[in-house]
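To keep things clear, I will list the structure first and then write my remarks on it.
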Amino acid sequence: MEHEAEAPRQLWVDDEKGVQRMPDPVRRAAVRAVMLTAVTLIQAMVAFLLTMTESWLAFPLVLTSVASTVAATWTVLDVWVTRQVWNQRHGVVSMPSSTARQLRRERRRARRAAKRRGGEPSAADGVGAPMAEAA
């Protein structure tokens with residue numbers, strides 16, 4: 001009995017159909033926001049517990065919890081601003097969804113036609129060509 005050479009299993013396989021990854025600057029801002037929000041929630045809970053035990057540490061911790069809440073709100077806003085700036089700087093085109101859908105359809109048709117021919121899509125296949133009027 002012969003053993004076939006098994007291909008080594010890969011630890012990580014990218015899914016081509018998944019949700020696109022966030023751009024790095026946006027991801028960094030999101031990680032900062034999540035971390036600061038988590039610390040703020042823990043700090044607020046400890047401040048509450050210290051208040052219930054009537055500890056002298058409760059007052060300073062409540063004050064820093066308020067400051068942390070303001071900072072956490074700011075970091076969450078920073079995620080939104082960073083995302084908007086990235087979209088504007090990297091040419092994300094804002095157009096009605098029906099127009100974008102039509103362009104995607106045309107690109108998909110061009111890719112399929114190119115696959116059937118075994119070549120790259122060209123401008124003649126409709127990629128980059130002006131969109132025809134919808135009936």
Worksheet item: Knowing that exactly one of Arg89, Gln88, His90 qualifies, which makes a side chain to side chain contact (heavy atoms under 4.5 Å, CB included) with Trp86?
Response: His90
Response to the item:
Rounded to the nearest 0.5 Å, the CZ atom of Arg27 sits from the CG atom of Asp24 at a distance of 4.5 Å
Practice prompt. May I ask whether Leu36 and Trp74 are part of the same hydrophobic cluster, defined by side-chain heavy atoms of I, L, V, M, F, W, Y residues being less than 4.5 angstrom apart, directly or through others?
Written response: no
Discussion item. What's the separation between atom CZ in Arg104 and atom CZ in Arg111, rounded to the nearest 0.5 Å?
Written reply: 10.5 Å
Worksheet item: Once you round to the nearest 0.5 Å, how far does CZ of Phe59 lie from CG of Leu50?
Response: 14.0 Å
Response to the item:
Taken to the nearest 0.5 Å, the spacing of Phe48 CZ from Leu61 CG works out to 13.0 Å
Worksheet item: How far apart are the closest heavy atoms of Thr75 and Ala33, and which atoms are they?
Response: OG1-CA, 3.5 Å
Discussion item. Which heavy atom of Thr82 sits nearest to which heavy atom of Ala29, and what is that distance?
Written reply: OG1-CB, 4.0 Å
Worksheet, complete the sentence: Value for CG (Leu41) from OG (Ser68), rounded to nearest 0.5 Å, stands at 10.0 Å
Worksheet item: Ala47 and Val62: which non-hydrogen atoms are nearest, and at how many Å?
Response: CB-CG2, 4.0 Å
Discussion item. Determine whether a donor-acceptor pair (N or O, by modelled atom type, separation under 3.5 Å) exists between the side chain of Arg83 and the backbone of Val26.
Written reply: no
Worksheet item: Is a side-chain N or O of Ser55 found less than 3.5 angstrom from the main chain of Thr51, in a donor-acceptor match?
Response: no
Item to complete: Starting at CZ of Arg108, measure out to CZ of Arg105 and round the result to the nearest 0.5 Å.
Response: 7.5 Å
